[in-house]
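Predicted model only: the values in this text are computed from it and were never measured. When a ligand or atom number is given, it counts from 1 through the structure's own listing order.
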Amino acid sequence: EAKRSGRARYVVFDPLMRSQVSDSVSLENDLRQALDNREMRVVYQPLVHLPGHQLAGVEALVRWQHPVRGAVSPVDFIPLAEACGVIAALGKFVLETACQTFAQLQRDLGSAAPPSMSVNLSRAQLREPGLVDMVRDALRSADMEPQQLVLEVTESLAAQDALVQTTLQELRAMGVALSLDDFGTGYSSLACLHELPVSSIKIDRSFVNLLDKSDYHRVLIEATLRVAATLKLGTVAEGIETAEQATEMAAMGCQKGQGYWFGRPMDVEALVAWIQARQPLEKIA
Ligand code: C2E
Ligand code: MG
Ligand code: MG
Ligand code: MG
């Protein structure tokens, strides 16, 4: 009887479930190799001032080109990298690559180069004991001022964690700018904003997206911008896809914008071309 129920239970483990488990295990193994195999690269998306649209900086975004699966989204592999301990090496690769790119852009473009480089940090990275030293080393080897680096963190990880708070304070003390990414999602609260050592916030693209469809989201954006102004925090709207969204965010007082309307994430060559193509326009404006 026991044997029979045991077998019955075994049958309950359905093939779909098993294939999903082995799927994520194989992706995890591939992820461990991806850096060595040079399958990871970094692309850059512009941030612009509102309303003038002058270049305000660029954000580094990692890309994984899997040899069989093709492009895998960071939304899928960053959590996996955190779970299997690859995030430290991956994060170091992105930070070092981004800082070296920043230095290259200064050399190649001079005064037209982006004034800052933004790099995303995930929760696991903010808990790594060596993070602050790694940031200092990356800045030094790129001959970059701490003020030229913006580290983007998400709100859910910043709050209520003493270790993370200490790390953020150390980065602030070094002079690195901190930006609160995806603001409005997760367990964010306008009431807690003053407790975080950030210098700017990025309003999540889901809010920008609903700007002209939902009064609720519009009011929340207005409230967020007002609180940010009171706290003297910089403001960035992400996911701007239309001219109307750009105009409206500017009219509401948001300082910077980012999104497909201005420029998609690009490799360095395309970014340089994008910046150079805009130069004459900026001189006229
Ligand atoms: P994020 O930091 O909020 O980055 C913005 C995401 O929105 C990027 O997706 C970008 O390509 C996308 N995006 C930008 N403008 C628009 C737009 O106008 N419309 C739409 N629909 N999307 C837009 P991506 O590159 O797939 O990255 C997704 C997330 O993965 C990032 O969100 C970030 O949280 C994470 N991520 C990306 N690169 C890294 C990295 O190097 N390290 C860490 N820790 N996380 C990263
Ligand atoms: Mg970001
Ligand atoms: Mg964001
Ligand atoms: Mg986002």
Side-chain angles (χ1 to χ4, degrees), residues 31 34-35 39-48 50 56-65 70-101 116-128 131 134-135 138 149-158 164 167 177-186 188 198 200-211 224 234-246 249 254 256-267 270-271 274:
L31 190 55
L35 272 178
E39 292 160 16
M40 293 288 179
R41 66 197 172 90
V42 181
V43 292
Y44 303 91
Q45 186 179 30
L47 278 81
V48 302
L50 297 177
V58 291
E59 178 178 4
L61 295 159
V62 70
R63 292 290 176 265
W64 181 16
Q65 187 68 28
V72 184
S73 169
V75 176
D76 296 322
F77 72 79
I78 293 288
L80 197 60
E82 292 198 279
C84 71
V86 171
I87 193 69
L90 182 59
K92 187 168 189 275
F93 165 77
V94 174
L95 182 69
E96 289 178 350
T97 305
C99 290
Q100 292 302 324
T101 297
S116 67
M117 174 63 73
S118 301
V119 177
N120 294 284
L121 290 184
S122 61
R123 171 196 286 271
Q125 288 178 273
L126 281 170
R127 292 201 169 147
E128 278 165 27
L131 178 77
M134 186 186 83
V135 170
L149 179 67
V150 182
L151 294 176
E152 298 193 358
V153 300
T154 54
E155 44 202 334
S156 55
L157 64 80
V164 169
T167 301
L178 300 176
S179 187
L180 197 54
D181 208 349
D182 303 332
F183 188 83
T185 63
S188 64
V198 297
S200 62
I201 58 169
K202 294 184 83 171
I203 299 171
D204 191 68
R205 72 166 189 261
S206 58
F207 286 83
V208 177
N209 196 257
L210 290 168
L211 192 54
T224 302
T235 46
V236 184
E238 57 174 41
I240 293 182
E241 295 183 352
T242 67
E244 292 71 32
Q245 288 167 350
M249 288 307 307
C254 188
K256 294 175 189 173
Q258 184 181 24
Y260 295 166
W261 175 253
F262 304 111
R264 292 191 174 246
M266 298 170 254
D267 60 26
L271 178 70
W274 183 91

Problem - Nearest to the Mg ion (ligand 3) - the N/O/S atom of Asp181, by atom name - result: OD1
Handout entry: Side chains of Glu59 and Asn120, donor plus acceptor under 3.5 Å
Key = yes
Handout entry: OE2 (Glu59) - the Mg ion (ligand 2) - OE1 (Glu152) angle, nearest 10°
Key = 90°
Practice task
Starting at CG of Leu95, measure out to CD of Gln100 and round the result to the nearest 0.5 Å.
Solution key: 10.0 Å
Fill in the blank from the handout: If we number the atoms of ligand 1 from 1 as shown, the ones under 4.0 Å from a heavy atom of Gly239 are 16 (C), 17 (C), 18 (O)
Practice task
Considering just N/O/S atoms, say which atom of Glu238 is closest to the Mg ion (ligand 3).
Solution key: OE1
Handout entry: Atom pair CG (Leu121) and CG (Leu151), whose distance is rounded to the nearest 0.5 Å
Key = 4.5 Å
Exercise for the section: To the nearest 0.5 Å, tell me how far Thr224 OG1 sits from Asp204 CG. Expected result: 11.0 Å
Practice task
Supply the atom-to-atom distance Leu31 CG to Ile78 CD1, rounded to the nearest 0.5 angstrom.
Solution key: 8.5 Å
Problem - Heavy-atom check, side chain of Val153 versus side chain of Leu180, under 4.5 Å - result: yes
Practice task
Could you tell me whether some N/O pair between Asp182 and ligand 1 is separated by less than 3.5 angstrom?
Solution key: yes
Practice task
Please check if atom CH2 in Trp261 has more than 12 non-hydrogen atoms from other residues, nucleotides or ligands closer than 6.0 Å.
Solution key: no
Practice task
For residues Pro74 and Arg63, determine if any side-chain heavy atom of one lies less than 4.5 Å from a side-chain heavy atom of the other.
Solution key: yes
Practice task
Report yes or no: does Ser118 have an N/O/S atom closer than 2.8 Å to the Mg ion (ligand 2)?
Solution key: no
Exercise for the section: Below 4.0 angstrom from a heavy atom of Val62, which ligand 1 atoms are there? Numbered from 1 as shown, please. Expected result: 38 (N), 39 (C), 40 (C), 41 (O)
Completion exercise
Min over Gly263, Ala237, Pro74 of heavy-atom distance to atom 35 (C) of ligand 1 lands on Pro74
Handout entry: ligand 1-proximal atoms of Leu61, by part, heavy-atom distance under 4.0 Å
Key = both
Practice task
Indicate whether any N or O donor in one side chain lies under 3.5 Å from an N or O acceptor in the other, for Gln125 and Ser122.
Solution key: yes
Practice task
Measure the spacing between CG of Leu178 and OG of Ser118 and express it to the nearest 0.5 Å.
Solution key: 11.0 Å
Handout entry: Distance filter under 4.0 Å to Val94 heavy atoms, resulting ligand 1 atoms
Key = 41 (O)
Completion exercise
Counting from 1 in the order shown, the ligand 1 atoms closer than 4.0 Å to a non-hydrogen atom of Val75 are 28 (C)
Fill in the blank from the handout: Near Gln125 (heavy-atom distance under 4.0 Å), the atoms of ligand 1 are 44 (N)
Handout entry: Sub-4.5 Å side-chain heavy-atom contact between Trp64 and Met40
Key = yes
Handout entry: Atoms in ligand 1 flagged as close to Pro265, the criterion being non-hydrogen separation under 4.0 Å
Key = 11 (O)
Problem - Sub-4.5 Å side-chain heavy-atom contact between Thr101 and Val42 - result: no
Practice task
For Asp181, counting its heavy atoms only, list the atoms of ligand 1 lying under 4.0 Å from any of them.
Solution key: 1 (P), 2 (O), 3 (O)
Handout entry: Any Arg264 heavy atom less than 4.0 Å from ligand 1
Key = no
Completion exercise
Within 4.0 Å of some non-hydrogen atom of Glu241, the atoms of ligand 1 are 17 (C), 18 (O), 19 (N), 20 (C), 21 (N)
Practice task
Report the member of Ile87, Asn120, Leu126 with the shortest heavy-atom distance to atom 42 (N) of ligand 1.
Solution key: Asn120
Exercise for the section: Please verify whether a non-hydrogen atom of Lys202 lies at under 4.0 Å from ligand 1. Expected result: no
Problem - Polar contact flag for Arg205 and ligand 1 (N/O pairs, less than 3.5 Å) - result: yes
Exercise for the section: Would you mind telling me if ligand 1 is within reach of the side chain of Glu59, the backbone, both or neither, using heavy atoms under 4.0 Å? Expected result: side chain
Problem - Proximity of Ser122 to ligand 1 by residue part, where a heavy atom lies under 4.0 Å - result: both
Problem - Test of proximity, Gln45 against ligand 1: N or O pairs below 3.5 Å - result: yes
Practice task
Flag the pair Glu244 / Leu211 as yes when at least one side-chain heavy-atom distance between them is below 4.5 Å, and no otherwise.
Solution key: no
